[in-house]
Structures are given as C-alpha cells and as structure tokens.
Asker: 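One structure, pasted below without further comment.
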Amino acid sequence: MTTKTIKIGLILCLTAFLGSGCEKILEENPQSQIVPSYFNSSAGVLGGIAGVYNDIRGQWATEGFTVEMQAGTDDFLQGASSGGGPAYTYNGLNGSNFGAAWGVAFQDINTLNGVLQYGATIDLPEATRKQYLAQAKFLRGFWYFYLVQTWGDVPLSTTFITVPSQAASRQPVAQVYEQIIKDLTEAAADLPNTPTAPFLGKAATKPVAQLLLAKAYLTRGWLNNTAADFTQAATICADIIANKGTYGLDLWADYGDAFVPANDYGKESMFVSDHVLDPKFGYYTVGGAAGGGAAQNLSPWFTNWNYPNNSGINSFVNAAGNFVNSGTSGMIRDSQYGRPYIRMRPNSDKQKTGPNVGKSYFLDQAFTNRSVDTRFANSFYTVYIANTAVTNPATAANNKRGISYTTVVGADTAVWLPDFEVAGAPQFVGTRPFKGIVVPPSLWNNGIFPALKKFMDPSRGSNFNDPSTRPAVLYRFADVYLTGAEAYLKAGNTTQAATLLNVVRQRAAFRKTNTAAQNAAAATAMAITAADVTVDFILDERSRELFGEWQRWHDLVRTRSLVRRVKAWNPEAAANIQDYHMLRPIPQNQIDRVVDGPAFPQNPGY
C-alpha cells in the first residue's frame, strides 16, 4: 500500500465515495463500497479523512451553499441574476428547496464513525494514530456543529452504520452539543499546534479545534443563557491568543493583506478548503469555462455586477431619476475584475419603512467611519480602471455629452462608485465632464453595486471564466478576537470585550501609505470603550470584518437577532420572516425516506 501527503484532503481522495477522477489509495483490490475492514489500515483511515475534507470543499465557496449561508440576512440582497429564491425572501422556503449539505454531512459523519471505530487499532506509532483520530473527531464535531446550528434536533450517531435502514429519529440539541464538545475537546488535546504531515496546508490543528470549541460553547450559552459556557468560550479564545506564537498565528498589520492570494496559507488563515487546479479531480476545464462538478470555488463571481455591459460611457439618469446604461462600454471582462454572476449584492438599499427609514445597512450601519476604517476599501471594488480603449468624437450619434474623449487603458477610470452622493452623476462630477461614469449610492441597484473583491483570483489570466483555484478560508485568526469579545460580553466583562474588539478595529485603521503618526491617530480614532460594546455592535463589527465569509446566517441565529435585524434592515425579506425561520426546513427527501417506525418530524412552521 502507498499513501501520499494530504493537503486538506485534496491529494488523497476516497475512491469509493468520490467516484472516478481521484487517485486510488490502494494499489491492489480497490474497494467498491465502504466496509469495516477498509479502515483497518492507515491508507483506509487517511482515505476516509481525505474524503470528508473533499466534501467540505464541495460546499464552502459553491453557489447553493453560499446562498444558504448568507442570503436572507442583513448583509445581502438579491442580485439581478440571482433567479430570486426563497432563501433570500423566506417566501416559500421549504424542505424541497433547502438543505444542500444535509446528506453530505451525514455521509461524512458515518465515514468518520468508521475511522474512529476501527482506526483505533491500526498498526501505527501511537502519536500518529492519535493525530489521525483527532482529525476525525474534529471533522465530526465540525459537521455536527453545522447541523445543530442549522436544523436544531438532528440524528446523532457515533457508530459506523453498515446496514441500510429506513428508520431515523432526531436527538435533542442538548445531546448533540454534548457530543460536539466532547469531540472538539478531545481533538484539541491531540491535534498538533501547527499543520503536520500528512495533513498539510491549513488542515485542522489544535487552535482550529479550540476556536470551533469556543464557538460551540458560545452558541450553547446563547441557547441556555449559561454563564459557564460564555466563560469557557472566552477562556478558550484568550488561550489561543496568548499562544499565537506557538501556533504560528497572528493578524497581518494591514487588513487587506489577509486577502492577498500569496497569503491564503499565511499566519492569519486558520482553516481552509483547497480548490487546487489539477485535472485529476475533474472540476475544471483548463483554459475554458467551468467544467462542471460540485466542488468549484465560484466565490469571486457571486457578488460581481455586470460591469462589461453596464459601464457605458454615455449612461445617464432619466426623467424618473433612474440610471440608464447607454453607449459604448468602457470595460471588457478580465481576470482582475472577474466573471459577473450578479447573484447577490451588498444590502445598500435605503430603508423605506421601520425604524431605519432613509438609512442603508451597508453604508450607515455596517461600514461606517470609512475615512479611517480600511475594511470597506479593502473589501469592495469602487473604482474600475478602463481595460478597453474607446474613442468618441463630439459629433458621434451616441455622444450625449457633446465632448470628444478617448479612454486610456490602464489609466482612465471607466466606472467610479463613490460611497457618497456626487452632483452631476453619472456623466459629470459637479459640472466637470468625466470620461467614465459615476454611480453614487442613490443609483446602486440589483445590477450595479460595489463588488466584493476579497476573493478575486487574478491568477486565472486569460481563463477568467474558470473557477477560482484559491482556497476558501473558513476561519481566520481575527475571528478568535471577535468570538472572544462576544463571549466576554455575555459573561459580563465588557472591558475585556472592548479590548479584544480594539485589536481588530485598530488593525483595520492601518494603511501602508500613512506615516507612523497618521496610523497612530487612526488607531486612536477606532478605539472603543466598554460602554460601546453591545450585541448589535459586535454583529456590525462581524459584518465589517467577515463580510461574505460564510458566517452571517449563523451569527444572526446564534445571537437571536435574525428576525429583528432582517425586519429592520432587509426590505426583501422583512415582510415574510417569522420566528420559526430561526431553524431551517428539514430536507423533504429525508422525511420521505423514513418509512419504518415513527415519522421523521419537520421543523415547526414548514
């Protein structure tokens, strides 16, 4: 038998689970199905773990799962090409149109049960065996934590199922959390401090298991209002921070550096899911468009507006005050600005009713203090530099300005989306002609808006329609501070909560172009006191820091804030959302499969 190093489960694949396209683990007698004897070797154990990592890749950064984790919140509204959908509006949300990861999660949990049940006796050095089993415990805790946050009571199994059954039941949330905390506690005890062969890249390590454990305690604490859980979560986060040097973790001095592709596996990234460019995995058509398969990282494109078609340099505002695209486009599709999927957009609409009339969540609540806080500028494209030359004489039929202009590729601004109103937009800045177009917040809509640039993949070159080969970063070190701050707040220590928040906030004030004195002044301007710390402040801070990073729906549910904040800020969903939407609908195919014994219950309201 032979094995190779695992880099987040992408180099080894579990053939029996993943089908063709993966490298076989066993040189002889490949298994056609998973049986207990499969896990009686190091190759089988590694293959099981690798298959689970691969299934994580099949969810995070893919389209359906991204929608489920972020739509219908205060952060996002529908884009022009979203196709609508109940996940955005809660209108018609049911078990037939939700639940991308339900079946995958339980399949993986059964695989991990096999690894843990039979892998404990494989012939390996004790330290190596403990690390393998710790990986499996972490991943089982990871999946159960996702499941219990999303659906509440869920089936709980810790033994390997080899005989199909048409009976199933749901176990109470409290029991599921007991298992999650047990798994993550044991995983944290045995995982290495830093990535260690064969689990390289940014696989689970001790601090990753600790962070997830802190999140589990924090979330359970919210459910039961348990002070001990909040204190435990805060203590764990403080321990991670105190030992960051041992773990090779830290914040980049510049917030923007956290999203530089060269830093994807750097000191701030804690846990990632790889999306490497390798034909053996069958997820890419090299040199062309996306080649099919579920495990594509399309995150750069979801929040991208259609800049090639809506950047006409003769665009104007009509009599109704609406933006009208017109004339020759100043942009063509390229790798820097990405593929325009237009699926979802930042929630920048002005509220027409409720307590926040006239305010935008995006600009007036989340991304405030933008002159000092760099996270808006580092997270969104607001300036598009012309990448195609356009010449228009003053007498051209489509030249509504009556002036001659030529756009210079790489120099002229084709589109500017300022975060404030500009007189004369979209053709003028005041009375001065502008070669490109100016689109201020009052003209943003579901077809034109600042695009999220954190995940852009300029390495695609001329193959910019291909999926991204960057990893999806599930957890960053900044989240340790934010999770710890929330735990300290709930434990009654607002002073320490403010201290942790200030680390993240003052990092966000840093600019490489500032002098040391300017950076010091900016840091001072971003500092808060204990009196500023509230649940809503922390949720706003999580928007600023983690916008688009697959956490928002769970953040709002954990803090019991989903319904309140959607009603306050999301005009698409406010009329439909109800208290029962704090849990998602059980997939109908799960309910239909249970024909032996008691029926499998749906969550209330669906």
Side-chain angles (χ1 to χ4, degrees), residues 64-80 82-95 97-100 146 148-152 218-219 222-223 302-303 343-368 379 441 444-446 449-450 452 482 486 534-586 603-606:
F65 188 79
T66 295
V67 169
E68 291 187 1
M69 295 292 274
Q70 299 183 158
T73 65
D74 47 9
D75 274 358
F76 285 100
L77 301 178
Q78 298 175 78
S82 69
Y88 289 95
T89 65
Y90 298 94
N91 184 20
L93 185 68
N94 59 52
N97 53 36
F98 190 93
Y146 162 76
V148 77
Q149 290 180 95
T150 307
W151 285 284
L218 177 61
T219 308
W222 271 100
L223 286 171
F302 297 142
T303 59
R343 297 296 196 263
M344 54 179 62
R345 60 189 172 106
N347 179 9
S348 59
D349 284 10
K350 296 284 188 180
Q351 305 304 301
K352 295 181 172 60
T353 61
N356 300 307
V357 172
K359 292 184 178 180
S360 154
Y361 176 72
F362 185 53
L363 295 180
D364 299 320
Q365 184 72 12
F367 289 94
T368 54
S379 296
W444 297 350
N445 55 38
N446 67 353
F449 45 81
L452 191 62
L482 296 174
E486 187 180 326
T534 65
V535 171
D536 281 325
F537 186 92
I538 289 175
L539 286 171
D540 293 344
E541 196 66 32
R542 291 186 70 85
S543 274
R544 288 184 276 271
E545 182 71 26
L546 303 172
F547 198 96
E549 296 181 41
W550 303 284
Q551 297 205 42
R552 193 57 178 179
W553 195 83
H554 283 156
D555 286 346
L556 296 182
V557 168
R558 178 185 65 254
T559 57
R560 327 312 290 165
S561 303
L562 176 71
V563 176
R564 174 175 58 85
R565 286 179 68 108
V566 167
K567 284 184 176 293
W569 291 110
N570 186 325
E572 295 179 342
N576 299 317
I577 194 168
Q578 299 184 50
D579 288 343
Y580 71 80
H581 288 124
M582 292 278 286
L583 292 177
R584 299 299 207 177
I586 301 291
N603 276 328
Y606 294 106

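Sequence positions, counted from 1, serve as the residue numbers for this chain. Small disclaimer: the values here were computed from a predicted structure and weren't measured.
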Asker: Which heavy atom of P571 sits nearest a heavy atom of N347, and at what distance?
Answerer: CD-OD1, 4.2 Å

Asker: List the residues meeting salt bridge (Lys or Arg N to Asp or Glu O under 4.0 Å) with D349, not counting sequence neighbours, and say none if there are none.
Answerer: R345

Asker: Do the rings of Y606 and Y580 sit parallel, tilted or perpendicular, given the 30° and 60° boundaries?
Answerer: perpendicular

Asker: Give the C-alpha distance, both sets of side-chain angles, the deciding distance and a yes or no for side-chain contact (heavy atoms from CB on, under 4.5 Å) between R558 and L218.
Answerer: CA-CA 8 Å; R558 178 185 65 254; L218 177 61; 3.8 Å; yes

Asker: Does any part of the side chain of F547, heavy atoms only, come nearer than 4.5 Å to the side chain of P346, both counted from C-beta?
Answerer: yes

Asker: First locate atom OG1 of T534, then atom CG of D540, and finally report the distance between them rounded to the nearest 0.5 Å.
Answerer: 7.5 Å

Asker: Within the 4.5 Å heavy-atom criterion, are R560 and L223 side-chain neighbours or not?
Answerer: yes

Asker: Is a side-chain donor or acceptor of H554 paired with a backbone partner of Q551 at a separation under 3.5 angstrom?
Answerer: no

Asker: Any side-chain to backbone donor/acceptor pair from R584 onto H581? Under 3.5 Å, distance only.
Answerer: no

Asker: For the residue pair N446 and Q78, confirm or rule out a side-chain donor-acceptor distance under 3.5 Å.
Answerer: no

Asker: Any chance you could measure Q351, atom CD, to K567, atom NZ, to the nearest 0.5 Å?
Answerer: 13.0 Å

Asker: Sub-3.5 Å donor-acceptor pair from the side chain of Y90 to the main-chain atoms of G72, do we have one?
Answerer: yes

Asker: Would you say the side-chain atoms of W151 pair up with the backbone N or O of P585, donor to acceptor, closer than 3.5 Å?
Answerer: yes

Asker: Would a 4.5 Å heavy-atom cut-off, applied to side chains only, mark W553 and F76 as touching?
Answerer: no

Asker: Looking only at heavy atoms, which two atoms of Y146 and M69 are closest? And how far apart?
Answerer: CE1-SD, 4.0 Å

Asker: Show the nearest heavy-atom pair for residues D364 and G358, with the distance to one decimal.
Answerer: OD2-O, 4.2 Å

Asker: Can you name the side-chain hydrogen bond (donor to acceptor under 3.5 Å, both in side chains) partners of N570, sequence neighbours left out?
Answerer: none

Asker: Using side-chain heavy atoms (C-beta onward) and a distance below 4.5 Å, is L77 in contact with F449?
Answerer: no

Asker: List the atom of V557, the atom of Q149, and the distance in Å for their closest heavy-atom pair.
Answerer: CG1-O, 4.2 Å

Asker: Assess whether side-chain contact (heavy atoms from CB on, under 4.5 Å) is satisfied between L482 and I538, documenting all intermediate values.
Answerer: CA-CA 7 Å; L482 296 174; I538 289 175; 5.7 Å; no

Asker: Applying side-chain hydrogen bond (donor to acceptor under 3.5 Å, both in side chains), can you list everything that pairs with S348, at least two apart in sequence or on another chain?
Answerer: none

Asker: Give every residue pair that meets the side-chain hydrogen bond (donor to acceptor under 3.5 Å, both in side chains) criterion with at least one member in residues 65-76, sequence neighbours excluded.
Answerer: T66-W550, D74-R552, D74-R565, D75-S543

Asker: Please answer whether the main-chain N or O of F367 pairs with a side-chain N or O of R544 as donor and acceptor at a distance below 3.5 Å.
Answerer: no

Asker: What distance do F362 atom CZ and T368 atom OG1 have between them, rounded to the nearest 0.5 Å?
Answerer: 12.0 Å

Asker: Listed by chain and number, what are the side-chain hydrogen bond (donor to acceptor under 3.5 Å, both in side chains) partners of T89, not counting sequence neighbours?
Answerer: none

Asker: Excluding sequence neighbours, so at least two apart, what forms salt bridge (Lys or Arg N to Asp or Glu O under 4.0 Å) with K359?
Answerer: none

Asker: Please check if the side chain of N97 supplies one atom and the backbone of N94 the other of a donor-acceptor pair under 3.5 Å.
Answerer: yes

